[in-house]
Amino acid sequence: MVAAPLVPNGSTGATPYEQEVKLEKLFGELQAGFTKMEGIADPNKQGNILKDLTNKMQEAKSLIKEFEQEARTDNMPAAELTSRKKGLVQQLNEYIAKKKELGNDIAGRKELIGAAKRGDGPKDYNNMDTTQLIVEGRKKIKESDESLIRSEKLVAETIEIGTKTAEKLDDQTKQLERVVDDLDQIHFSMKKAQKIIRDITRGIATDKAIMGFIMLLLMGVVVIIVLKIAHIPKSASTASPPPPPPPPTGRRMLGYRAPTLAHPHYTIE
């Protein structure tokens with residue numbers, strides 16, 4: 001968004017943005033405001049004008065941010081954007097420094113006026129008579145006594161607070177020590193539990209090994225029994241008869257006698 005042609009500080013004939021036009025106007029108002037403050041003696045009135053100028057500076061700061069965002073949106077070259085923004089920021093910083101200087105001056109003048117109204121300003125003791133000096137001396141002594149009483153009270157309160165703090169710290173230290181002892185006990189118990197678990201695991205592993213060995217033995221015995229049963233010979237009653245003897249040859253041997261047939265009527269010799 002662009003406005004009426006106005007050459008801003010730090011630019012080379014570029015068309016200014018609307019924010020730059022507003023900033024130039026605000027800078028003129030700021031300059032007029034500071035000039036007006038120089039002709040006013042009342043610090044309260046100066047303070048009111050300074051507040052108004054502070055608001056204008058905040059507005060100028062916001063306008064500079066808006067200008068930068070809009071320039072980036074319009075793809076303004078970085079070098080040109082930096083130059084134009086730098087000129088605006090420099091002007092604003094000059095007014096901010098001037099505002100701080102005048103603010104400190106106004107605060108100091110208000111303090112001096114307040115001290116004069118309270119009667120705290122420097123007094124001419126050389127022109128006082130004896131009675132006035134005694135009264136003034138007693139007044140100062142009274143003020144000193146009151147100040148000492150307040151200081152003693154403050155010291156007592158500080159000591160009390162320090163004592164309570166020390167007691168709390170001592171209690172917290174004891175609690176931390178108990179916590180550390182409990183942690184040590186827990187750590188010891190965990191180590192002991194881990195050892196017991198390891199022993200139980202080893203025992204279980206040993207028992208499993210023994211059971212496996214026993215199972216192997218039982219399986220071996222069963223296998224042996226099965227093999228024994230499989231290799232037992234059949235009984236004589238069910239066995240096949242032996243083969244018959246070979247038939248006799250034609251030649252009779254001496255002393256050989258043919259078998260006789262069992263017959264009630266004859267006998268073959």
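Keep in mind the model is a prediction, meaning the values are calculated, not measured.
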Original post:
Do Tyr95 side-chain atoms and Phe27 backbone N/O form a donor-acceptor pair below 3.5 Å?
Top reply: yes

Enumerate, atom names and distances included, each donor-acceptor pair closer than 3.5 Å involving a side-chain atom of residues 181-199, sequence neighbours excluded.
from   : atom 1 : to     : atom 2 : distance (Å)
Ser189 : OG     : Gln185 : O      : 2.9

**OP:** Scan residues 44-76 for pairs that pass ring-ring contact (aromatic ring centres under 6.0 Å, His included), counting only residues two or more places apart or in two chains.
**Re:** Tyr17-Phe67

Original post:
Roughly how far, to the nearest 0.5 Å, is NZ of Lys22 from OG of Ser62?
Top reply: 11.5 Å

Subject >> Partners meeting side chain to side chain donor-acceptor pair (under 3.5 Å) with Glu68 (sequence neighbours left out) >> reply: Arg72, Lys85

Subject >> Spatial distance of atom CG (Asn48) from atom NZ (Lys45) [nearest 0.5 Å] >> reply: 9.5 Å

Original post:
Which other residues end up in the same hydrophobic cluster as Leu217, if Ile, Leu, Val, Met, Phe, Trp and Tyr are linked when side-chain heavy atoms come under 4.5 Å apart?
Top reply: Phe213

Subject >> From CG (Leu26) to CD (Gln91), nearest 0.5 Å >> reply: 11.0 Å

**OP:** If a pair satisfies ring-ring contact (aromatic ring centres under 6.0 Å, His included) and one of its residues is in residues 140-174, list it, with sequence neighbours excluded.
**Re:** none

**OP:** If a pair satisfies ring-ring contact (aromatic ring centres under 6.0 Å, His included) and one of its residues is in residues 153-175, list it, with sequence neighbours excluded.
**Re:** none

Subject >> Verdict with reasoning, Leu102 to Met37, per side-chain contact (heavy atoms from CB on, under 4.5 Å) >> reply: CA-CA 9 Å; Leu102 289 175; Met37 285 180 62; 3.9 Å; yes

Subject >> Interatomic spacing from CG in Asp145 to NZ in Lys142 - rounded to 0.5 Å >> reply: 10.0 Å

Original post:
Among pairs that include at least one residue of residues 145-177, which meet ring-ring contact (aromatic ring centres under 6.0 Å, His included), considering only residues two or more places apart or in two chains?
Top reply: none

**OP:** Run through the side-chain heavy atoms of Ile, Leu, Val, Met, Phe, Trp and Tyr, join any pair under 4.5 Å, and report what else lands in Leu154's cluster.
**Re:** none

Original post:
Ignoring hydrogens and geometry, is there a side-chain-to-backbone donor-acceptor pair from Thr173 to Leu169 under 3.5 Å?
Top reply: yes

**OP:** Give a yes or no answer on whether the side chain of Gln19 reaches the backbone of Leu63 with a donor-acceptor pair at less than 3.5 Å.
**Re:** no

Original post:
By the rule that ILVMFWY residues connect when side-chain heavy atoms come within less than 4.5 angstrom, directly or transitively, which residues belong alongside Val222?
Top reply: Val226

Original post:
So, for Gly47 and Ile106, which heavy atoms are closest and what is the spacing to 0.1 Å?
Top reply: N-CD1, 4.0 Å

Original post:
Under 4.5 Å between any side-chain heavy atoms of Glu70 and Glu18, yes or no?
Top reply: no

**OP:** Report yes if the side chains of Glu157 and Lys153 come closer than 4.5 Å at any heavy-atom pair, otherwise no.
**Re:** yes

Original post:
Are Leu30 and Lys98 close enough that some pair of their side-chain heavy atoms sits under 4.5 Å apart?
Top reply: no

Original post:
Which is it for Val221 and Ile224 under the side-chain contact (heavy atoms from CB on, under 4.5 Å) test, yes or no, and what are the steps along the way?
Top reply: CA-CA 5 Å; Val221 172; Ile224 292 171; 5.6 Å; no

Original post:
Does Ile141 sit in a hydrophobic cluster with other residues, and if so which ones, taking ILVMFWY side chains as linked at heavy-atom separations under 4.5 Å, directly or through other members?
Top reply: none

Subject >> Residue pairs, two or more places apart or on separate chains, that pass salt bridge (charged side-chain N to carboxylate O under 4.0 Å, His left out) and touch residues 164-177 >> reply: Glu160-Lys164, Asp170-Lys174

Original post:
Which pairs with one or both residues in residues 48-59 pass salt bridge (charged side-chain N to carboxylate O under 4.0 Å, His left out), sequence neighbours excluded?
Top reply: Glu29-Lys56

Subject >> Step-by-step side-chain contact (heavy atoms from CB on, under 4.5 Å) determination, Leu88 to Leu92 >> reply: CA-CA 6 Å; Leu88 297 172; Leu92 180 59; over 6 Å; no

**OP:** Spell out, as yes or no, whether a donor-acceptor pair under 3.5 Å connects the side chain of Ser147 to the backbone of Glu143.
**Re:** no

